[in-house]
Number of protein chains: 2
Amino acid sequence: MLQVVGGADPAADLLDRVFFALSDPVRRAILDRLGEEALLVSELAAPFDISLQAVSRHIQVLVRAGLVRQERTGRISRCSLVVGPIQAAAVWINHYSKYWQAQFDTLAAALEEIEERRSGAARLTTLRKRPRRRLPDP
Amino acid sequence: MLQVVGGADPAADLLDRVFFALSDPVRRAILDRLGEEALLVSELAAPFDISLQAVSRHIQVLVRAGLVRQERTGRISRCSLVVGPIQAAAVWINHYSKYWQAQFDTLAAALEEIEERRSGAARLTTLRKRPRRRLPDP
DNA sequence: TCAATAATCAACGTATATGTTGATTATCAA
DNA sequence: TTGATAATCAACATATACGTTGATTATTGA
């Protein structure tokens, strides 16, 4: 799991490509608009201050990440969103987001407990609260 | 919103950096382990087949994305997770994931409706095998 | 004091990202 | 047919990513 496996894990590679695709504001804006409706490359390119060619290549990045599908009919190329990969990324990020938040909540609770015990000990010397396990030292 | 604003939108820049940081399997593995416990750079580097220097720079990427905090005491540098930015990314990705899924559900429902109407009409007439319907033409 | 340790810095090579402009391909339409 | 249009391809420049090795800094502990 920690080993860097290179091309041996297609799921990891997909996450690589999806997160990389999402790391650019132009590409996020493209996805944004494709969430509304399918659009042509030239329509997608219109709002940007960069060349059509540059936008075309941004779209290729999205296609390689599986986030966008292109269907060419004649000389036009209609781009539409594919929801699967973004949900794979959502699954990943939600898992860690929730897990980590839970870890931090636990830590916060433990610290609060310690704090409580300290102030409690100051007030009553004998009626001590349940001793709490400390967090492992660094 | 569609304009490429460069450095004018710190929130967009943060998303850029967070998603970029997540686009590498080594960095995701580092985050994975930091979710368990705070670790030193050398401890983080141990499982990998790359140099300590390379891992150190991966950590810098995570720090620049705000995902990791480093606290140096003496010659050691303890790395710990910061949950905020990953949740910002989770918010972004969940928003779009859910929104897009809803869009697709609506589309799917509409197509099913059309399909149902067609097959119902077909059954009453000839019991023909339902011909597949194309997506609406532009 | 002095050697070992933890981490970073610096320089280098290679690969990829991202923009540009110009050429090319394929299709549409007058 | 022929010119305009949609999109991609190709070549180029520049910047960044990411790995290496070697040097440097700061700290620890015998």
Side-chain angles (χ1 to χ4, degrees), chain A residues 2-7 12-13 15-31 33-34 38-65 67-80 138, chain B residues 2-7 12-13 15-31 34 38-65 67-80 137-138:
Chain A
L2 290 171
Q3 201 65 353
V4 186
V5 286
D13 286 353
L15 275 185
D16 291 359
R17 287 194 293 267
V18 170
F19 281 131
F20 178 76
L22 295 180
S23 74
D24 183 279
V26 171
R27 290 192 289 265
R28 286 199 305 274
I30 288 173
L31 291 176
R33 294 182 61 213
L34 289 181
L39 289 166
L40 306 185
V41 174
S42 48
E43 291 171 332
L44 284 169
F48 295 108
D49 272 342
I50 59 179
S51 67
L52 178 73
Q53 290 94 320
V55 173
S56 176
R57 281 165 52 165
H58 275 298
I59 294 170
Q60 296 315 309
V61 173
L62 294 167
V63 168
R64 270 181 258 129
L67 290 162
V68 165
R69 185 181 50 225
Q70 269 180 308
E71 284 168 297
R72 194 146 190 180
T73 62
R75 65 181 160 169
I76 69 169
S77 178
R78 182 161 300 271
C79 305
S80 55
Chain B
L2 290 170
Q3 202 66 353
V4 186
V5 286
D13 286 354
L15 275 185
D16 291 0
R17 287 193 292 265
V18 171
F19 281 131
F20 178 77
L22 295 180
S23 74
D24 184 277
V26 172
R27 290 192 290 264
R28 286 199 305 273
I30 289 172
L31 290 176
L34 289 182
L39 289 165
L40 306 185
V41 174
S42 48
E43 291 171 333
L44 284 169
F48 295 109
D49 271 343
I50 59 178
S51 66
L52 178 74
Q53 291 93 320
V55 173
S56 175
R57 282 166 51 163
H58 276 300
I59 293 169
Q60 295 315 311
V61 172
L62 292 167
V63 168
R64 271 180 257 128
L67 289 162
V68 165
R69 184 182 49 226
Q70 268 180 309
E71 283 167 299
R72 196 147 188 182
T73 62
R75 63 181 161 172
I76 69 169
S77 178
R78 181 162 299 272
C79 305
S80 55
D137 260 328

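Bear in mind the structure is a predicted one, so any value in this text is a computation, not a measurement. So you know, we letter chains A, B, ... as the sequences are listed, proteins then strands, and number each from 1.
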> Could you state the CZ-C1' distance from B:F19 to D:dA17, rounded to the nearest angstrom?
Replying inline: 20 Å
> Taking atom C1' of C:dT8 as reference, at what distance in whole Å does atom CG of B:L44 sit?
Replying inline: 15 Å
>> Nearest to the side chain of A:V41, heavy atoms from C-beta on, is which of D:dT8, C:dT18, C:dA7?
In response: D:dT8
>> For B:Q70, give me all partners under side-chain hydrogen bond (donor to acceptor under 3.5 Å, both in side chains), at least two apart in sequence or on another chain.
In response: B:Q60, B:S77
Side-chain donor/acceptor pairs under 3.5 Å, residues 52-59 of chain A, sequence neighbours excluded:
from: A:H58; atom 1: ND1; to: A:R27; atom 2: NH1; distance (Å): 3.1

> With sequence neighbours excluded, what pairs up with B:R69 under the side-chain hydrogen bond (donor to acceptor under 3.5 Å, both in side chains) test?
Replying inline: B:S80
> Where each residue is assigned the nucleotide of DNA chain D containing its nearest heavy atom, which of B:R64 and A:I59 is assigned the position nearer the 5′ end?
Replying inline: A:I59
> How long is the line joining CD1 of A:I30 and C1' of C:dT18, in whole Å?
Replying inline: 13 Å
> When rounded to the nearest 0.5 angstrom, what distance separates CD1 in B:I30 from CG in B:L39?
Replying inline: 10.0 Å
> Just to confirm, is there a sub-4.0 Å distance from OP1 or OP2 of D:dT5 to any side-chain nitrogen or oxygen of A:S42?
Replying inline: no
>> For the CG atom of B:L62 and the CG atom of B:L31, what is their distance to the nearest 0.5 Å?
In response: 5.0 Å
> Roughly how far apart are B:L22 CG and B:L67 CG, rounded to 0.5 Å?
Replying inline: 6.0 Å
> Are B:Q60 and C:dC9 close enough that a side-chain N or O sits under 4.0 Å from OP1 or OP2?
Replying inline: no
>> If I take atom CZ from residue B:R17 and atom OG from residue A:S23, how far apart are they, to the nearest 0.5 angstrom?
In response: 12.0 Å
>> Rounding to an integer number of Å, can you tell me how far A:R17 CZ sits from C:dT16 C1'?
In response: 15 Å
> Can you check the A:R78 CZ to C:dT27 P distance for me, whole Å?
Replying inline: 17 Å
> Over how many whole Å does the gap from B:L40 atom CG to C:dT5 atom C1' extend?
Replying inline: 12 Å
> Taking atom CZ of B:F20 and atom CZ of A:F20, what is their separation to the nearest 0.5 Å?
Replying inline: 7.0 Å
> Between B:F20 and A:E43, who's closer to the 5' end of DNA chain D by nearest nucleotide?
Replying inline: A:E43
Output one line per pair: protein atom, nucleotide atom from nucleotides 26-28 of chain D, and distance, for all N/O pairs under 3.5 Å.
from: D:dT27; atom 1: O2; to: B:R75; atom 2: NH1; distance (Å): 3.3
from: D:dT28; atom 1: O4'; to: B:R75; atom 2: NH2; distance (Å): 3.4

Quick one: which protein N/O atoms are closer than 3.5 Å to N/O atoms of nucleotides 19-23 of chain D? Pair and distance per line, please.
from: D:dG19; atom 1: OP2; to: B:H58; atom 2: NE2; distance (Å): 2.5
from: D:dG19; atom 1: O6; to: B:R57; atom 2: NH1; distance (Å): 3.3
from: D:dT20; atom 1: OP2; to: B:S51; atom 2: N; distance (Å): 2.8
from: D:dT20; atom 1: OP2; to: B:S51; atom 2: OG; distance (Å): 2.8
from: D:dG22; atom 1: O6; to: B:Q53; atom 2: NE2; distance (Å): 2.6

> Who are the side-chain contact (heavy atoms from CB on, under 4.5 Å) partners of A:L40, not counting sequence neighbours?
Replying inline: A:S42, A:E43, A:I76, A:R78
> If only side-chain N and O atoms of A:S56 are considered, is one of them under 4.0 Å from the OP1 or OP2 phosphate oxygen of D:dT8?
Replying inline: yes
